[in-house]
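So that the names make sense, note that chain A is the first sequence line, chain B the second, and so on, each numbered from 1. None of these values were measured; they are calculated from a predicted model.
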Amino acid sequence: MKIATFNVNGINGRLQVLLRWLENAQPDVVCLQELKAPDERFPIREIEKAGYGAIWQGQKSWNGVAILARGREPIATRRGLPGDPTDGQSRFIEAAVAGLVIACLYLPNGNPVPGPKFDYKLRWFRRLTDYAAELLALDVPVVLAGDYNVMPTELDVYKPERWIDDALFRPEVREAFRVLADQGWTDALRTLHPGERIYTFWDYFRDAWGRNAGLRLDHFLLSPAVADRLVAAHVDRAVRGWYRASDHAPVWIELSDKAWPTRGLGSASSAASASVPRREARPQ
DNA sequence: ATGTCACGTCTAACGTGA
């Protein structure tokens, strides 16, 4: 089972990029952020034609999130992050898909620092952390996927000293990510690729893509039961180089169909998962 | 400060957010 997250940066302006990637990558579930379209302008016809059911929470001009599921309809379980009924920004949507709770989130950028946008980011992070604790307490398999607008560590930035005062890298924001993860969530990409430089975003400015001046902003946090099924995690970097690309690349994880141990028999997982060492073969 | 995108608007250069 392949689950992806992709900040599309305008679902209508980049629909051809999205459809081309869906066709190539064939993800089972997709979390999208930055639709930049109101509900009535979500391109459901084209998405369905590509073989996906969808739920979405749009907004004029900014934000907007959606969850797609190949060959099935996601069951919406929540729209909007709890904790502030006055928050009108479309940054959170959650669905039940194939026995998993999938939360799709778009954390506020927070620049400039200091200011009301940064305060909003920190408040939003606290609300997410409170809600994530509730989800963990339910003891159901949960995936928290999306654009967190945080580089968790110095390894996640091409040049950390340049970003020290930016809302994406401020110590209190990194701390907020750490506090959230330490509840018991597994950072999928970092867990499978410790010590590796991995980026998911390259600015449009100053040929950031050409220079590989990237940031790791898009993350998968997995509840313990899901983490036990994790077999692969990657960034579809090439998509960032496509014509009219988003400034983010799609990120995906592969989960085994059953909980461990399967010893490679009976699991109908893809070649991607077969190429990854089995859990019991991995060095501890 | 700059750079480059998308979106929206009093449809053609801006303002805004990232």
Review point. Which whole number of Å gives the distance between the P atom of B:dG15 and that of B:dC10?
Key: 14 Å
Exercise for review: Rounded to the nearest angstrom, tell me the gap between atom CZ in A:Phe201 and atom C1' in B:dG17.
Suggested key: 12 Å
**Study point:** B:dA1 versus B:dA13 - spacing of their P atoms, nearest Å
**Key:** 27 Å
Exercise for review: Quick one: list whatever passes salt bridge (charged side-chain N to carboxylate O under 4.0 Å, His left out) with A:Asp147, sequence neighbours left out.
Suggested key: none
**Study point:** Interatomic distance where NZ belongs to A:Lys121 and P belongs to B:dG17 [whole Å]
**Key:** 16 Å
Revision key, fill the gap. Of all heavy-atom pairs linking A:Ile164 and A:Arg170, the shortest is O-CD, 3.7 Å
Check your understanding: In whole Å, what separates the C1' atom of B:dC7 from that of B:dA12?
Key -> 14 Å
Check your understanding: For every nucleotide of nucleotides 4-16 of chain B, 5' to 3': is a protein heavy atom under 4.0 Å from its base (B), only from its sugar-phosphate (S), or from neither (-)?
Key -> BSSSSS-------
Show every donor-acceptor pair shorter than 3.5 Å between a side-chain atom in residues 94-106 of chain A and any protein atom, with sequence neighbours excluded, or say none if there are none.
| unit_1 | atom_1 | unit_2 | atom_2 | d |
| --- | --- | --- | --- | --- |
| A:Glu94 | OE1 | A:Tyr131 | OH | 2.5 |
| A:Glu94 | OE2 | A:Thr77 | OG1 | 2.7 |
| A:Glu94 | OE2 | A:Tyr131 | OH | 3.4 |
| A:Tyr106 | OH | A:Glu34 | OE2 | 3.3 |

Practice item. Taking atom C1' in both B:dG3 and B:dA18, compute the distance separating them and give it to the nearest angstrom. Key: 13 Å
Exercise for review: Could you list by number each residue of residues 152-165 of chain A showing a heavy-atom separation from DNA chain B of less than 4.0 Å, or answer none if no residue does?
Suggested key: none
Practice item. Only counting residues at least two apart or in another chain, list the ones meeting ring-ring contact (aromatic ring centres under 6.0 Å, His included) with A:His219. Key: A:Tyr148, A:Phe177
Exercise for review: Mind jotting down which residue pairs meet the ring pair (Phe, Tyr, Trp, His ring centres under 6.0 Å) criterion with at least one end in residues 12-50 of chain A? Sequence neighbours excluded, please.
Suggested key: A:Phe6-A:Trp21, A:Phe42-A:Trp56
Point to revise | Value in whole Å for how far the P atom of B:dG3 lies from CZ of A:Arg211 | key: 14 Å
Exercise for review: Output all residues satisfying ring-ring contact (aromatic ring centres under 6.0 Å, His included) with A:Trp62, sequence neighbours left out; order by chain, then residue number.
Suggested key: none
Point to revise | side chain to side chain donor-acceptor pair (under 3.5 Å) involving A:Glu196 - partner list, sequence neighbours excluded | key: A:His193
Revision key, fill the gap. In short, salt bridge (charged side-chain N to carboxylate O under 4.0 Å, His left out) pairs touching residues 62-86 of chain A with sequence neighbours left out are A:Asp28-A:Arg70
